2 protein chains.
Amino acid sequence: MKTKQAIEEKKFKLTSARKELLAILNKAEKPISYEDIKNRLSMDKATFYRNISKFEEENIVKSFESNDKKRYYEVQISSHAHFICNTCNKIECLSNISPIELKGYNITDMIFKGVCKNCS
Amino acid sequence: MKTKQAIEEKKFKLTSARKELLAILNKAEKPISYEDIKNRLSMDKATFYRNISKFEEENIVKSFESNDKKRYYEVQISSHAHFICNTCNKIECLSNISPIELKGYNITDMIFKGVCKNCS
DNA sequence: TTTTAAATGCGACTAAGTTGCAATTAAGTC
DNA sequence: GACTTAATTGCAACTTAGTCGCATTTAAAA
Ligand SMILES: [Mn+2]
Ligand SMILES: [Mn+2]
Ligand SMILES: [Zn+2]
Ligand SMILES: [Zn+2]
């Protein structure tokens, strides 16, 4: 677990805000935005953003921007692609897609957009 | 050309602001943001966004959000994938990538992220 | 228990994009 | 070419996700 490793290497202090945030991130089954969880958070908005950035620096979390101008975060366990619905903005994790090979590029993320089952 | 068609179908008036914007879009070789071209534009910010949205409704233009919280626009000629560098935020058009097939999904756009040649 | 750098909450701020409204203009009709 | 009118425009005010400075608090090492 990356988290434990980062703490052991003294990359950051394990505060109650960070425990709370890590718990939420670990339970989540898809990427989440601040908006998605703000009601469940006891920490301030600034604290959320500072911590999630910290987690990202330590490679505990990955993120991307969606269609709705919001940033979505998820724990970095297995690398996988994402699908974003252009109609309802729903985000799905795609586990079974093998990474594209493209000479001269080091591709780390793939995002597919289109229309989801519900919306078509 | 979609533009001509849209005008002939009287979907919109061909104002000088729209001529200017279409000229810039047609010359561009990669997706552009408002920021990228604002110095070259004689129209107001609001006019830019209203017109580019109109073009998108009429399927003359396509857009996506990048890493930098900005929306990027390009004329919709041939459908192709894009690469976004996570380090320098540069956007490249990828012409030679065949669209992914995924059952249950209607995928219209593909975005790859990673590190570009310059940055790696 | 004491120390101290790291982390927090709060309020003010930034920046991309949106909106209401009064003034302007494209384009159809004569 | 002048007349008419709905579409378009510029401007200023607004919205909203995210950032920042600073005084206060806290994790964790000594
Ligand atoms: Mn995922
Ligand atoms: Mn392109
Ligand atoms: Zn959908
Ligand atoms: Zn780069």
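These numbers were taken from a predicted model, which means no experiment stands behind them. Below, read A as the first sequence line, B as the second, and so on, with proteins coming before strands; counting in each chain starts at 1.
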Next on the checklist: How close do B:Ser33 and B:Asp36 get, counting heavy atoms only, and between which atoms?
Outcome noted: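 Shortest heavy-atom separation between B:Ser33 and B:Asp36 comes out as N-OD2, 2.9 Å.
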Next on the checklist: Using every non-hydrogen atom in the two residues, find where A:Gly114 and B:Thr108 come nearest and quote the distance to one decimal.
Outcome noted: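 Heavy atoms only, the tightest pair is CA-OG1, 3.5 Å.
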Expressed in angstrom and rounded to an integer, what is the separation of [X] atom [atom1] from [N] atom [atom2]?
X       : N      : atom1 : atom2 : result
A:Lys11 : C:dA7  : NZ    : P     : 13 Å
B:Glu20 : D:dT9  : CD    : C1'   : 13 Å
B:Glu65 : D:dA17 : CD    : P     : 12 Å
B:Lys38 : D:dG10 : NZ    : P     : 16 Å
B:Tyr72 : C:dA16 : OH    : P     : 10 Å
A:Glu9  : D:dA29 : CD    : C1'   : 18 Å
A:Asn67 : D:dA17 : CG    : P     : 15 Å
A:Ile32 : D:dG18 : CD1   : P     : 13 Å

Checklist entry - Where each residue is assigned the nucleotide of DNA chain C containing its nearest heavy atom, which of B:Arg71 and A:Met43 is assigned the position nearer the 5′ end? => result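 Residue closer to the 5' terminus by nearest nucleotide: A:Met43.
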Item to check | Pairs involving residues 69-85 of chain A, ordered by first then second residue, that meet salt bridge (Lys or Arg N to Asp or Glu O under 4.0 Å) (sequence neighbours left out) | outcome: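 Salt bridge (Lys or Arg N to Asp or Glu O under 4.0 Å) check on residues 69-85 of chain A returns A:Glu65-A:Arg71, A:Lys69-B:Glu65.
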Checklist entry - Restricting to pairs with a member in residues 108-120 of chain B, which pass salt bridge (Lys or Arg N to Asp or Glu O under 4.0 Å), not counting sequence neighbours? => result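 Sorted result for residues 108-120 of chain B: B:Lys62-B:Asp109.
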Checklist entry - Pairs in or reaching into residues 15-48 of chain A: which pass ring-ring contact (aromatic ring centres under 6.0 Å, His included), with residues at least two apart or in two chains? => result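 Residue pairs passing ring-ring contact (aromatic ring centres under 6.0 Å, His included), neighbours aside: A:Tyr34-A:Phe48, A:Tyr34-A:Tyr49, A:Phe48-A:Tyr73.
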Suppose we screen for side chain to side chain contact (heavy atoms under 4.5 Å, CB included). Which residues come up paired with [X], at least two apart in sequence or across chains?
X       : value
B:Ala46 : B:Asp44, B:Arg50
B:Ala28 : B:Ile32
A:Glu9  : A:Gln5, A:Lys11
A:Lys13 : A:Thr15, A:Arg18

Checklist entry - Are B:Ile52 and B:Leu25 close enough that some pair of their side-chain heavy atoms sits under 4.5 Å apart? => result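 Of all side-chain heavy-atom pairs linking B:Leu25 with B:Ile52, at least one is under 4.5 Å.
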Checklist entry - If we only count heavy atoms from C-beta on, is the A:Phe83 to B:Ile107 side-chain gap below 4.5 Å? => result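 Yes, at least one pair of side-chain atoms sits under 4.5 Å.
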Produce the list of close N/O pairs, under 3.5 Å, pairing protein atoms with atoms of nucleotides 26-30 of chain C; give distances to one decimal.
from   : atom 1 : to      : atom 2 : distance (Å)
C:dA26 : N3     : B:Lys13 : NZ     : 3.2
C:dA27 : OP1    : B:Leu14 : N      : 2.8

Output one line per pair: protein atom, nucleotide atom from nucleotides 11-15 of chain C, and distance, for all N/O pairs under 3.5 Å.
none

Checklist entry - How far apart are the C-alpha atoms of B:His82 and B:Phe112, what are their side-chain angles, what is the distance that settles it, and do they pass the ring pair (Phe, Tyr, Trp, His ring centres under 6.0 Å) test? => result CA-CA 6 Å; B:His82 290 100; B:Phe112 303 102; 9.8 Å; no
Checklist entry - the helix from C:dT1-D:dA30 to C:dC30-D:dG1: angle between its terminal axes, five pairs each, to 10°? => result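 Answer for the end axes of this duplex: 30°.
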Checklist entry - Is a side-chain donor or acceptor of B:Ser120 paired with a backbone partner of B:Cys116 at a separation under 3.5 angstrom? => result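 Here the side-chain-to-backbone pair exists.
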Item to check | Sub-4.0 Å heavy-atom contacts from residues 47-63 of chain B onto DNA chain D, ordered by number | outcome: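 B:Thr47, B:Arg50, B:Asn51 - these, ordered by number, are the residues of the stretch whose heavy atoms sit under 4.0 Å from the strand.
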Sequence neighbours excluded and cut-off under 3.5 Å, please list the side-chain donor-acceptor pairs for residues 86-102 of chain B, or say none.
from    : atom 1 : to       : atom 2 : distance (Å)
B:Asn86 : OD1    : B:Asn67  : ND2    : 2.8
B:Glu92 : OE1    : A:Tyr105 : OH     : 2.2

